[in-house]
Amino acid sequence: MAAMELPERESMEFDVVIVGAGPAGLSAAIRLKQLAAARGEDISVVVLEKGSEVGAHILSGAVIDPIALDRLLPDWRSEKDVPLKTPVTEDRFLLLGPAGSLRLPNFAMPKLMDNHGNYVVSLGNVCRWLAAKAEALGVEIYPGFAASEVLYDEAGAVIGVATGDMGIGRDGQPKDGYARGMALLGKYTLIAEGVRGSLAKQLISKYDLSAGREPAKFGIGLKELWVVDPAKHKPGLVQHSFGWPLDLSTGGGTFLYHLEDNQIVVGFVVHLNYKNPWLSPFEEFQRFKTHPAIRDIFEGAKRVSYGARAITEGGWQSVPKLTFPGGALIGCSAGFVNVPRIKGSHNAMLSGMLAAEKIADALATGRAHDEVHEIEAEWRGGDIGRDLYKVRNVKPLWSRLGTVAGVALGGLDMWTNELFGFSLFGTMSHGKADHASLAPAATMPKIAYPKPDGKISFDRLSSVFLSNTNHEEDQPIHLKVKDLSLQRTDELGTYGGPSNRYCPAGVYEWVEKNGEPTFVINAQNCVHCKTCDIKDPNQNITWTTPEGSGGPNYPNM
């Protein structure tokens, strides 16, 4: 069956179609249903989730600020089986050197860095809980269905999305068991895919939503879940560090959070504007755990899960226009992470709720497929805007001045914003995009990483195994390379093949075949972090959705 002979899609119609069952999408769905019930109306809502289940692709630190949850579900604390079980009991901030550490005094930290009143959580479990709340209100949630295409009307407005076809072979032809994707049509469509979502990327380009904004900025976050010796476990302890093993010109930091049940999560973030193409975020993460101030907690412990995900870091300056004809971007599809706080879930939820409220108002007056300008008009003046505005210069200062001076001046800037409502620096620019930051490999020092010991530090493939990543192998490769010759001459020839190092899952390799370097894509390893789509120096790799339910299956992450 040729592509042109594919059957027409069946369709389903809803008032609101939401792509992504993360904090933003689920909060939007719940709020829409709450408002409909309060007004005696009926708003039909569907949520598409590409993971095999809600929470399967959710990866975050996470320490969650409950500001949004308190508004969405005010009585949540009185319920049983709430996944927010561990309130923060202690904050620690460390500056690491190669052999030692310096604990920074808490009183020197801006108040916004204080985690008192926040909770250490598995964000995946929070999303599973929110999904149950949404379904109880009548929201339809379809896990295992990847939204692969935006649908438009003749006027160019978004009218919904289509899910990807199932059962397409590697050769692009339908196999036995082939099933055409569905068209989910809505009066409004909310894009809540998370960081660097494929549909959000298309919409930002089509409607020029980034016009007048700073370039989007990103980091890569790697995370492991461990079960540790009860004697070393301190429920509610939240520890952040920066410095070693990264050099002082490379931005990044770490988190180490103590959950319940002797569990800890440890994570490592590298800002993706790093210059040295020989740097490997995964290997830096493994080195970090061997530091004398860190290593002891992992002695005799068991690693039970691993994952990686890109993080939005542009903040106030980089958030694109949220609205377009027929819908809006919400959550990390827009980029609401507060970088110094390492928090974005509360803003994602608030953005979903704001969008829901404005769309419910629009539906009540008979509107459809138009641009709900009210969403864009109000976010900067609300809690999300206030949260991001205070920290808007932390990332630019760090990028320009390095870790020591940048973090110090960033802290000062947060103090002046918090106490006096102004910045000595105004609003700084981010400069060039992350893909343009690499220096030629010949000009940068190579980094010799130690071999993993299999106890505290590990290799990539054993780590990917713990992510429970799985893809149907006989399907088209979802990582699209536009120009293989450019990949060979420039990505390899100029930059030394950094894809082999920035990918945290061993997807990309340069191997010798018939005497020629050949670019190999192990797509089945992909954990959907999107780093390749961001960091490739020529923007020559595009991440697209594989078959629904493919990718990682994160437990408790």
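Start at 1 with the first residue, then count along the sequence. Computed from a predicted model, the values in this text were never measured in an experiment.
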*Could you check Arg287 against Asp453 for salt bridge (charged side-chain N to carboxylate O under 4.0 Å, His left out), going step by step and ending with a plain yes or no?*
CA-CA 11 Å; Arg287 280 210 296 176; Asp453 61 18; over 6 Å; no
*Pairs where residues 392-430 contributes a residue and the test ring pair (Phe, Tyr, Trp, His ring centres under 6.0 Å) is met, not counting sequence neighbours*: His271-Trp398
*Do any N or O atoms from the side chain of Lys111 and from the backbone of Leu419 form a donor-acceptor pair under 3.5 angstrom?*
no
_Check the orientation of His471 and His528. Use parallel for under 30°, tilted for 30 to 60°, and perpendicular for over 60°._
tilted
*Within the distance-only criterion (no hydrogens, no angle test), does the side chain of Thr250 pair as donor or acceptor with the backbone N or O of Leu246 below 3.5 angstrom?*
no
*When you measure from the side chain of Ser122 to the backbone N and O of Met557, does any donor-acceptor pair fall under 3.5 Å?*
yes
*Tell me yes or no: between the side chains of Thr86 and Glu260, is some donor less than 3.5 Å from an acceptor?*
yes
*Between the side chains of Asn556 and Asn125, does any donor sit under 3.5 Å from an acceptor?*
yes
*Do Tyr257 and His240 make the cut of ring centroids closer than 6.0 angstrom?*
yes
*Keeping the roles fixed (side chain from Asp536, backbone from Asn540), state whether a donor-acceptor pair exists under 3.5 Å.*
yes
*Kindly say whether Lys343 contributes a backbone atom to a donor-acceptor pair with the side chain of Asp65 at under 3.5 angstrom?*
no
*With no hydrogens and no angle check, is any side-chain donor or acceptor of Gln317 less than 3.5 Å from a backbone partner on Arg392?*
yes
_In this structure, is the centre-to-centre distance between the rings of Trp379 and Phe336 below 6.0 Å?_
yes
*Step through it carefully: locate the ring centre of Tyr306, locate the ring centre of Phe282, and say whether they are under 6.0 Å apart.*
yes
*Which ring pair (Phe, Tyr, Trp, His ring centres under 6.0 Å) pairs, counting each pair once, include a residue from residues 87-122, with sequence neighbours left out?*
Trp76-Tyr119
*asked:* Main chain of Val464, side chain of Ser467: is a donor-acceptor contact present, judged purely on distance under 3.5 Å?
replied: yes
